[in-house]
Novice: 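I am attaching a structure below and will ask some questions about it afterwards.
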Amino acid sequence: MENKLQFYNTLTKKVEKFVPIEEGKVKMYTCGPTVYHYAHIGNLRTYIEEDVLEKTLRYLGYDVKRVMNITDVGHLSSDADTGEDKMLKGAQREHKTVMEIAGFYTDAFFEDCRKLNIKKPDVVEPATNCISEFIHMIETLLEKGYAYVAGGNVYFDTSKLEEYYVFRTQSKDELMVGVRDDVTEDVNKKNKNDFVLWFTKSKFEDQALKWDSPWGVGYPGWHIECSCISMKHLGTEMDIHCGGVDNIFPHHTNEIAQSEAYTGHKWCGYWFHVHHLNDKDGKMSKSKGDFLTVSLLEKKGYNPLCYRMFALSSHYRKPLEFSFDNLDNMALQYAKLRNRVSSLNEEGEIDSNVFASYRSKFEDTLCNDLNTSMALTLIYDVLKEDVNDATKKAIIKSFDEVLGLDLTVKEEKTGNVDSELESFIKQKIEERAEAKKAKDFAKADAIRDELLAKGVSIKDTREGVKWELV
Ligand code: AMP
Ligand code: ZN
């Protein structure tokens, strides 16, 4: 098959043509969530873009195997092995066990994904399932001289590598400053950038999850889990590794260091990174306290798919600024689009030439470094095209295999209308009636749009105003 997809490869710092190791097949790995709290919509931006990448590959005809880990141990609050264990912090916050927290937030994560039409990866593996694999990899790294034991912990020795700063996103000096800025400095490290493979002498006396190991009872570092879990399911070479840009250093840099030291050869050829969702105070993050979740958006009356469309309206390599004003605009656009698509008549024969030509335009758009905003524009081109409704609907349905916006799905995904939304609708309908009576048609139209933005379409009938969810 022809390889026509191009995307930005962080490894080479170029937009490159994607050529898989084995023709027609793609081995893809995604860093999964740390399940100590709900995912915020910033995390989910990354998963939406990765989902689009996976679905684009499938749309193009590749046979994709995608693996994701669940981080339920070892991720400390600073990515550089310092601070508190995030899972332990979550358990203490909620007076539950670490495993209860992990189970609850793993389920919550996949529920959010379902609402955002993010496909579940083919393999999902919690880190705590793979302790023996981690131990095996660490033993091999020790045997090969890439690791050392100090102060009870096992460290990766970055000075043993020919090249450690593979991504070259920051200079060596900048990275050093970053490390020096850390709150606690680990005196056991031989080199500033060495990282922990296995903790035995933990700062946390009450670390809940511990396992026996050749180096004493302890637990794995965060980076080792992604190397091991990917190799367990994808073998010692893979095609694409994904994550948010904050994972580039140190997480992905360390993954490459230990994986290639372990295998003795190149591990992964393409690195796909998604830029951050920011709010007015900068990068959205859980450590700042309040953060936005999918359920919060739902409580405010938004269909989660408005957020998916919001994410798709920008490019994955650009930071995206979130505000409710921006989301409101998108919600209105989304509702209007769904309304237009749902009014298309399905009857009639599909014009296969027009269908094929749009399919190929859509593929070209995505193959151009996943230009999702242009792909959205194509939907409007289809709607304007001089062709019957059935063809338009079939094309949009096909686009939606990748875009995942449920544009041709009739029923409302989020289920029943709660009483809060129902009274809001009634109140707005009354306000609109008053505005019309006062001949304030601009206000009446604004109310109609406000309702549409919440996914409620209203119609004036002889029996009065009727509403339905779109
Ligand atoms: P975590 O659960 O902290 O391990 O993060 C899960 C994923 O979300 C990782 O791929 C992060 O790089 C990504 N991520 C974290 N914060 C943001 C953000 N504000 N915007 C986009 N992606 C993010
Ligand atoms: Zn990872």
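The residues of the chain are indexed from 1 along the displayed sequence. Just so you know, ligand 1 is whichever comes first in the structure, and atom 1 is the first atom listed for that ligand.
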Novice: Does any N/O atom on E50 come nearer than 3.5 Å to any N/O atom on ligand 1?
Specialist: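 N/O-N/O distance below 3.5 Å does not exist for this pair.
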
Novice: For the OH atom of Y105 and the NE2 atom of H37, what is their distance to the nearest 0.5 Å?
Specialist: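 It is 5.0 Å, given to the nearest 0.5 Å.
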
Novice: Test K119 against every option in E401, E50, E54 by the salt bridge (charged side-chain N to carboxylate O under 4.0 Å, His left out) rule and name the one that passes.
Specialist: E54

Novice: Please could you name the atoms of ligand 1 that T34 approaches to less than 4.0 Å, counting only its heavy atoms?
Specialist: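 Numbered from 1, ligand 1 contributes 1 (P), 2 (O), 4 (O).
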
Novice: Could you find the nearest protein heavy atom to atom 19 (N) of ligand 1 and give me its residue, atom name and distance?
Specialist: M284 O, 2.9 Å

Novice: Can you confirm, on distance only, whether ligand 1 has an N/O atom lying under 3.5 Å from any N/O atom belonging to W222?
Specialist: no

Novice: With K89 as the cation and Y36 as the aromatic partner, state whether NZ or CZ is under 6.0 Å from the six-membered ring centre and within 45° of the axis.
Specialist: no

Novice: Salt bridge or not between E260 and K266? Use side-chain N to carboxylate O under 4.0 Å.
Specialist: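 Looking at K266 together with E260, the answer is no, because their closest N to O distance does not fall below 4.0 Å.
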
Novice: Which atoms of ligand 1 sit under 4.0 Å from any heavy atom of T46?
Specialist: 10 (O), 13 (C), 21 (C), 22 (N), 23 (C)

Novice: Answer yes or no for H223: is there an N/O/S atom below the 2.8 Å cut-off from the Zn ion (ligand 2)?
Specialist: no

Novice: Can you classify the ring geometry of Y47 versus F109 as parallel (below 30°), tilted (30 to 60°) or perpendicular (above 60°)?
Specialist: perpendicular

Novice: Aromatic rings H252 and W271: how do their planes relate, parallel, tilted or perpendicular, breaks at 30° and 60°?
Specialist: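 Ring orientation, 0 to 90° scale: tilted.
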
Novice: What protein heavy atom sits nearest atom 5 (O) of ligand 1, and how far off is it?
Specialist: N43 ND2, 3.4 Å

Novice: Among protein heavy atoms, which lies nearest atom 17 (C) of ligand 1, and at what distance?
Specialist: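 Ranking protein heavy atoms by distance from atom 17 (C) of ligand 1, first comes H276 CD2, 3.6 Å.
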
Novice: Less than 6.0 Å separating the ring centroids of F195 and H223?
Specialist: yes

Novice: Quick one: which of F199, W211, W198, F134 gives a ring-ring contact (aromatic ring centres under 6.0 Å, His included) with Y219?
Specialist: F199

Novice: Is there a polar contact between ligand 1 and G42, counting only N or O atoms under 3.5 Å apart?
Specialist: yes

Novice: In E255, which N, O or S atom comes closest to the Zn ion (ligand 2)?
Specialist: OE2

Novice: Show which atoms of ligand 1 fall inside a sub-4.0 Å distance from at least one heavy-atom site of P33.
Specialist: 2 (O)

Novice: Report, in ascending order of atom number, the atoms of ligand 1 lying under 4.0 Å from any heavy atom of G244.
Specialist: 10 (O), 12 (O)

Novice: Identify the closest protein heavy atom to atom 16 (N) of ligand 1: which residue and atom is it, and at what distance?
Specialist: K283 CE, 3.5 Å

Novice: Has C31 got an N/O/S atom less than 2.8 Å from the Zn ion (ligand 2)?
Specialist: yes

Novice: Would you say the side chains of D157 and N191 form a donor-acceptor pair under 3.5 Å?
Specialist: yes

Novice: Kindly identify the option in L277, D246, I248 whose heavy atom sits closest to atom 12 (O) of ligand 1.
Specialist: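 Shortest heavy-atom distance from atom 12 (O) of ligand 1: D246.
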
Novice: Counting from 1, what ligand 1 atoms have a heavy atom of N247 closer than 4.0 Å?
Specialist: 9 (C), 10 (O), 11 (C), 12 (O)

Novice: Is it true that K96 and E94 make a salt bridge, defined as a side-chain N closer than 4.0 Å to a carboxylate O?
Specialist: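 Between E94 and K96 there is a salt bridge, with a charged N closer than 4.0 Å to a carboxylate O.
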
Novice: Would you call R58 and D122 a salt bridge, using N to O less than 4.0 angstrom?
Specialist: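 Yes, this pair counts.
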
Novice: Among all protein heavy atoms in this structure, tell me which lies nearest to atom 6 (C) of ligand 1, with the distance rounded to 0.1 Å.
Specialist: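 For atom 6 (C) of ligand 1, the nearest protein heavy atom is Y47 OH, 3.2 Å.
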
